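For reference, the structure discussed in these notes is given below.
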Amino acid sequence: MALNLGHQIGVFCGTPVADQGGEQPAPASAAAVWKPQVPLAKLRCRRLGVGEIDQISPPVSPCRSPVLGATHPDLSVACQALVTDAAAETAEGEVHEYGGGVEMGKGKGVPVYVMLPLDTVRPGGGVNRRKAMNASLQALKSTGVEGVMVDVWWGIVERERPGEYDWGGYADLMEMARRIGLKVQAVMSFHQCGGNVGDSCTIPLPRWVVEEMEKDPDLAYTDQWGRRNYEYVSLGCDTLPVLKGRTPIQCYADFMRAFRDRFQPLLGSTIVEIQVGMGPAGEIRYPSYPELHGTWKFPGIGAFQCYDKYTLSSLKAAAEAAGKPEWGHGGPSDAGGYNSWPEDTPFFQREGGWKGPYGEFFLTWYSQMLLDHGERVLSAATSIFHGAGVKISVKVAGIHWHYGTRSHAAELTAGYYNTRFRDGYLPIAQMLGRHGAVFNFTCVEMRDEEQSGEACCRPEGLVRQVAAAARAAGVGLAGENALPRYDETAHEQIVQTAVQGEEMKAFTYLRMGPALFQPDNWRRFVAFVKRMGEGREGGGRCREQAEREAEKFVHATGPLVQEAAVALMNG
């Protein structure tokens with residue numbers, strides 16, 4: 001789900017989910033992503049003139065939770081329960097109807113959801129760390145959290161054979177949420193888990209899909225050097241029966257239809273939102289900045305992903321239709337590599353090829369392919385869930401690095417045709433508006449002033465642009481934090497943006513895990529939920545006052561987290 005940099009840096013200590021019979025990529029190293037490639041003194045980013053940019057800001061650093069002093073006994077055992085290996089759990093825990101504790105009153109503000117661990121449901125059925133999960137969900141409920149978000153992995157549910165769906169683990173989780181009284185945002189995750197920032201476990205695509213991709217590598221996204229990316233089936237073959245006689249779009253539609261039929265009684269009551277995955281990390285984009293095997297490092301510009309034979313066929317046809325067949329052989333050859341900087345490449349530099357006739361043709365075609373993919377998947381989703389009482393949402397990546405340059409190179413390689421002179425997010429918002437979908441965006445917690453100036457990051461400007469596009473298109477805007485942060489500065493930025501500024505439809509907090517339940521983090525989180533729930537009327541109150549008022553809710557969670565610890569020790 002989840003940079004988001006479009007991805008999330010997961011903090012939950014999950015158990016890797018191995019795909020039998022294949023070599024698995026190592027989990028991503030978040031620390032490695034954020035280390036500069038070279039000393040900052042050697043980094044080159046052309047200084048822009050006065051008036052070219054409102055503010056130049058740096059790549060964000062990964063948030064480090066503050067060093068905590070005293071340990072609250074109730075919350076410490078919750079952390080212990082959450083990190084205990086799933087293998088230690090041998091007995092099923094009873095899920096109680098939520099009844100005790102103190103529940104914060106609901107206001108008219110922005111409802112808060114909390115992302116669950118990536119490996120919440122394990123292959124073969126069952127909820128990982130089930131007893132700890134039960135107590136933790138009840139603790140979240142007691143604070144006034146609206147609900148939780150969970151990835152419904154294609155690679156788990158339809159793992160072995162096409163058309164055979166195993167919903168066991170998800171049925172268990174949905175029933176747990178129903179009994180506790182939490183709502184659920186269900187993410188239709190048609191991508192691989194593993195290889196992006198924050199992927200703390202590995203969940204491949206379904207085995208039979210991987211087999212087809214091994215037979216025909218052009219089903220995978222491909223760059224100009226022939227590297228294949230197996231995170232998500234290439235959109236170039238969306239309408240071709242390349243997956244055991246079905247098209248990828250048909251596979252996604254059949255999966256969503258099976259989900260609807262299985263969970264019909266809970267749709268609109270417990271399950272209130274379906275977020276439709278459309279690419280790597282569940283976002284509508286190309287896999288232009290893959291971290292796996294060190295291919296990409298922040299803040300590289302990424303690389304175009306249009307060299308599989310199916311996508312090239314579309315490019316060739318578009319070039320011939322434009323009367324320029326010589327433009328149909330591939331993307332720009334002077335666009336640098338994954339870790340280049342805009343001014344180091346002829347195509348992306350200030351007066352580069354991106355502004356010329358070929359650049360405009362290629363970027364229009366490349367971004368339109370992504371929009372067409374979104375139309376196909378959204379059309380299927382809205383048809384399937386019509387009348388079910390659930391919202392449909394789509395996640396867009398928060399690519400804030402090099403945003404302060406003219407070309408916005410990192411956004412262009414991802415498929416967002418957004419430059420100093422062109423709004424690339426309005427077409428996306430308009431596409432979502434045609435289907436009544438919510439525009440879900442990330443990096444809401446980031447401030448320009450937190451960034452160093454080298455990579456020309458402007459997350460605040462990006463969020464404002466996206467919000468304006470959503471307003472213009474008449475679509476709802478929802479948000480997420482891109483990195484796991486529990487500090488007051490991040491919370492304040494979210495409140496000011498989501499409540500005082502844009503009035504978002506919902507906010508999803510990344511993510512539930514041991515760090516969230518540390519005493520100081522939990523206290524700040526409870527106060528944050530309270531301020532979000534109060535909306536504009538209460539969002540302007542000082543943090544200290546909100547935290548004082550939240551103390552009783554902090555103490556009310558004690559029995560719940562103790563229950564989690566006892567359940568695991570006796571399991």
Side-chain angles (χ1 to χ4, degrees), residues 3-9 30-31 33-36 39-41 43-67 110 197 297-301 341-342 397-406 408-411 418 420 425 441-468 477 479-502 504 507 509-510 520-521 524-525 527-528 531-532 539-544 546-547:
L3 321 139
N4 3 337
L5 295 168
H7 335 296
Q8 305 97 353
I9 295 184
V33 174
W34 298 97
K35 292 181 180 178
L40 288 179
L43 293 178
R44 291 186 291 134
C45 186
R46 190 184 60 77
R47 303 297 180 186
L48 302 180
V50 175
E52 273 193 36
I53 177 172
D54 296 333
Q55 182 178 354
I56 301 176
S57 46
V60 69
S61 299
C63 170
R64 292 177 174 83
S65 299
V67 177
V110 178
V197 179
K297 300 284 188 181
F298 179 87
I301 61 176
W341 289 57
I399 304 175
H400 58 86
W401 56 106
H402 303 300
Y403 183 87
T405 64
R406 287 195 170 201
H408 293 230
E411 292 163 88
N418 189 57
R420 180 69 58 83
Y425 297 99
F441 198 66
T442 62
C443 71
V444 176
E445 86 284 11
M446 294 183 180
R447 296 186 179 188
D448 290 352
E449 65 189 30
E450 295 173 334
Q451 324 300 315
S452 77
E454 295 294 339
C456 302
C457 303
R458 289 185 59 197
E460 292 182 77
L462 175 58
V463 171
R464 287 194 296 270
Q465 181 185 354
V466 166
L477 180 67
E480 296 179 3
N481 50 312
L483 301 172
R485 291 183 58 175
Y486 310 96
D487 57 286
E488 293 174 346
T489 301
H491 289 171
E492 182 66 25
Q493 180 68 12
I494 295 169
V495 170
Q496 292 304 316
T497 302
V499 177
Q500 300 298 97
E502 306 303 337
M504 293 183 174
F507 182 83
Y509 193 90
L510 184 156
D520 286 348
N521 292 348
R524 286 190 289 264
F525 174 75
F528 163 74
R531 293 182 72 199
M532 292 286 280
R541 294 187 307 125
C542 69
R543 295 191 302 264
E544 291 78 6
E547 289 181 3

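Keep in mind that what you see is a predicted model, and the values were worked out from it rather than measured.
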Any donor-acceptor pair under 3.5 Å linking the side chain of Arg458 with the backbone of His402?
-> no
Considering all heavy atoms of both residues, which atom of Arg485 and which atom of Tyr509 are nearest to each other, and what is their separation?
-> O-OH, 3.0 Å
Take the angle between the ring planes of Phe298 and His400 and call it parallel below 30°, perpendicular above 60°, tilted in between.
-> tilted
Ring geometry between Phe528 and Phe507 (parallel below 30°, tilted from 30 to 60°, perpendicular above 60°) | perpendicular
Any donor and acceptor pair, going by atom type alone, linking the side chain of Asp448 with main-chain N or O of Glu460 inside 3.5 Å?
-> yes
Counting only N and O atoms by type, is there a donor-acceptor contact under 3.5 Å from the side chain of Glu445 to the main-chain atoms of Ala482?
-> yes
Trp401 versus Gly300, closest heavy-atom pair with distance = NE1-O, 3.1 Å
All heavy atoms of Val110 vs all of Met504, minimum pair found to be CG2-O, 3.4 Å
Looking only at non-hydrogen atoms, find the nearest pair between Arg447 and Thr489 and report the distance.
-> NH2-O, 3.6 Å
Looking at OG1 of Thr497 and CG of Asn481, how far apart are the two atoms once the value is rounded to the nearest 0.5 Å?
-> 11.5 Å
Minimum heavy-atom distance between Leu462 and Gly398, given as atom pair plus value | CD2-C, 3.9 Å
Salt-bridge criterion met for Glu492 and Arg531 (N-O under 4.0 Å) = yes
Does a side-chain heavy-atom distance below 4.5 Å link Ile399 with His408?
-> no
